[in-house]
Amino acid sequence: LKRTVGDAILNARTSEFQNLNDFRLKTGLHVGDLETLAGAHAFRALTETRFDGFWQLADRESQLPLLQPLTAHNDEQPPREPTLGEHVVADYRSTGLSLEAHPMQLLRSKSPFHMCRSATELNRLPRHPDLRIWVAGLVATRQRPGSASGVVFVTLEDECGQINCILWPKVVETYRQIVLQSQLLKIYGRVQESHGVIHVIAEELIDLSAWLGALTPSSRDFH
């Protein structure tokens, strides 16, 4: 959104908005800006659901000049209640994150993730030098410092926090495409703690990005 759009909303917010059409009239925002706000679920105080916001914006008749004093009304069947998964996908599309739920929270019960430990569980595991586990999460960062001799550091993000993973050069070479392209990654490796920080020393990688469907999170990659 442009700064002028934010200013228009702040200036109009001196009085309470009664509904979405009242918001539109007081702010004078264009439909494109309104749809951007609806996509980010910014109208949760004025609409029942995110989809309800889009549905009201599609009611062009109530937005005609002669009907401006009227409350937005649509005689068609209102939209169904969106699923939590649909909320999460819409959030990531509009803002890059979701306050409704983390994708791993929705996937945790699926069979590929049954044996995966969460970030919180890592702190409770016994400190055994041969302990090996599965972890999974969104790829939040990839780092390959020039001074690390080919080692790649990957940070996975699940519903509980972040999981630090270390990929030695041999593993990077074996799973190069997965390392570079995956958005949702499952890693098997040995647990190691150093100076109070827990790492997973990766031995096997599986790309599970297909489970994200329409959700396309982005990672921060540093070289």
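Between L212 and Q183 the shortest side-chain heavy-atom distance falls below 4.5 Å. Considering only heavy atoms from C-beta on, H102 comes within 4.5 Å of L138 through its side chain. No side-chain heavy atom of I166 sits under 4.5 Å from any side-chain heavy atom of V200. Residues V154 and V152 have side chains in contact (heavy-atom distance under 4.5 Å, counting atoms from C-beta outward). Counting heavy atoms from C-beta on, the side chains of V191 and R132 never come closer than 4.5 Å. Y188 places none of its side-chain heavy atoms less than 4.5 Å from the side chain of I133. Side-chain contact between V139 and L184 is absent, with no heavy-atom pair separated by less than 4.5 Å. Side-chain atoms of L57 and E35, non-hydrogen and from C-beta on, do get closer than 4.5 Å to each other.
For the pair S118 (side chain) and E121 (backbone), a donor-acceptor distance under 3.5 Å is present. Proximity of a side-chain donor or acceptor of K26 to a complementary backbone N or O of E16 within less than 3.5 Å is detected. Judged by distance alone, the side chain of H128 and the main-chain N or O of D130 form a donor-acceptor pair under 3.5 Å. In this structure a side-chain-to-backbone donor-acceptor pair under 3.5 Å is missing from R117 to M115. Proximity of a side-chain donor or acceptor of H199 to a complementary backbone N or O of I201 within less than 3.5 Å is not detected. Looking at R108, its side chain does come within 3.5 Å of a backbone N or O of C116 through a donor-acceptor pair. Here the side chain of K186 pairs a donor or acceptor atom with the backbone of P112 at under 3.5 angstrom. The backbone N or O of S109 lies less than 3.5 Å from a partner atom in the side chain of H114, making a donor-acceptor pair. With hydrogens and angles ignored, the 3.5 Å screen pairs no side-chain donor or acceptor of T155 with any backbone N or O of A140. With hydrogens and angles disregarded, no donor-acceptor distance shorter than 3.5 Å links the side chain of D33 to the backbone of L29.
The minimum heavy-atom distance linking P169 with S149 is given by the pair CG-O, 3.4 Å. Residues I187 and A202 approach most closely at CG2-CB, 3.6 Å, considering heavy atoms. Closest approach of D158 and A136 over heavy atoms only: CB-O, 3.9 Å. In this structure, L20 and G53 approach most closely via the heavy-atom pair CD2-O, 3.5 Å. Scanning all heavy atoms of the two residues, the minimum distance from G150 to V172 falls at O-CG2, 4.1 Å. What you find for Q181 and R142 is that their closest heavy atoms are C-NH2, 3.6 Å.
Linking ILVMFWY residues whenever their side-chain heavy atoms come closer than 4.5 Å, directly or via other members, leaves L122 and F113 in distinct clusters. Cluster annotation: L107 is not connected to L156 through the hydrophobic network of ILVMFWY side chains, with a link wherever side-chain heavy atoms come within less than 4.5 Å. There is no path of hydrophobic side-chain contacts, each under 4.5 Å, that joins L185 to I206. Clustering ILVMFWY residues whenever any of their side-chain heavy atoms sit less than 4.5 angstrom apart, transitively, puts L205 in a cluster other than the one holding F153. Hydrophobic clustering, with ILVMFWY side chains joined whenever heavy atoms are under 4.5 angstrom apart, groups L1 together with F17.
In this structure, CD in Q192 is found 11.0 Å from CD1 in I198, a value given to the nearest 0.5 Å. Interatomic distance, N164 CG to Q143 CD, rounded to the nearest 0.5 Å: 9.5 Å. To the nearest 0.5 angstrom, L46 atom CG is 10.5 Å from D52 atom CG. Note that the CG atom of L131 and the CG atom of L125 stand 5.5 Å from one another [nearest 0.5 Å]. Distance check: L208 CG to M104 CE gives 9.0 Å after rounding to the nearest 0.5 Å. Here the CD atom belonging to E203 is positioned 11.0 Å from the NZ atom belonging to K170, to the nearest 0.5 angstrom.
In this structure, K110 fails the cation-pi test against W211, since its NZ or CZ atom is not both closer than 6.0 Å to the six-membered ring centre and inside 45 degrees of the ring normal.
Residue V197 shares its hydrophobic cluster (ILVMFWY side chains chained together at separations under 4.5 Å) with no other residue.
The number of heavy-atom neighbours closer than 6.0 Å to CH2 of W134, taken from other residues, nucleotides and ligands shown, is above 12. Counting non-hydrogen atoms of other residues, nucleotides and ligands closer than 6.0 Å to CZ of R127 gives a total above 12. Within a 6.0 Å radius of CZ in R13, no more than 12 heavy atoms belonging to other residues, nucleotides or ligands are found.
With L167 as reference, V179 is the one residue of V151, V179, T174 to meet the side-chain contact (heavy atoms from CB on, under 4.5 Å) rule.
By the 30° and 60° cut-offs, the orientation of the rings of F43 relative to F23 is perpendicular.
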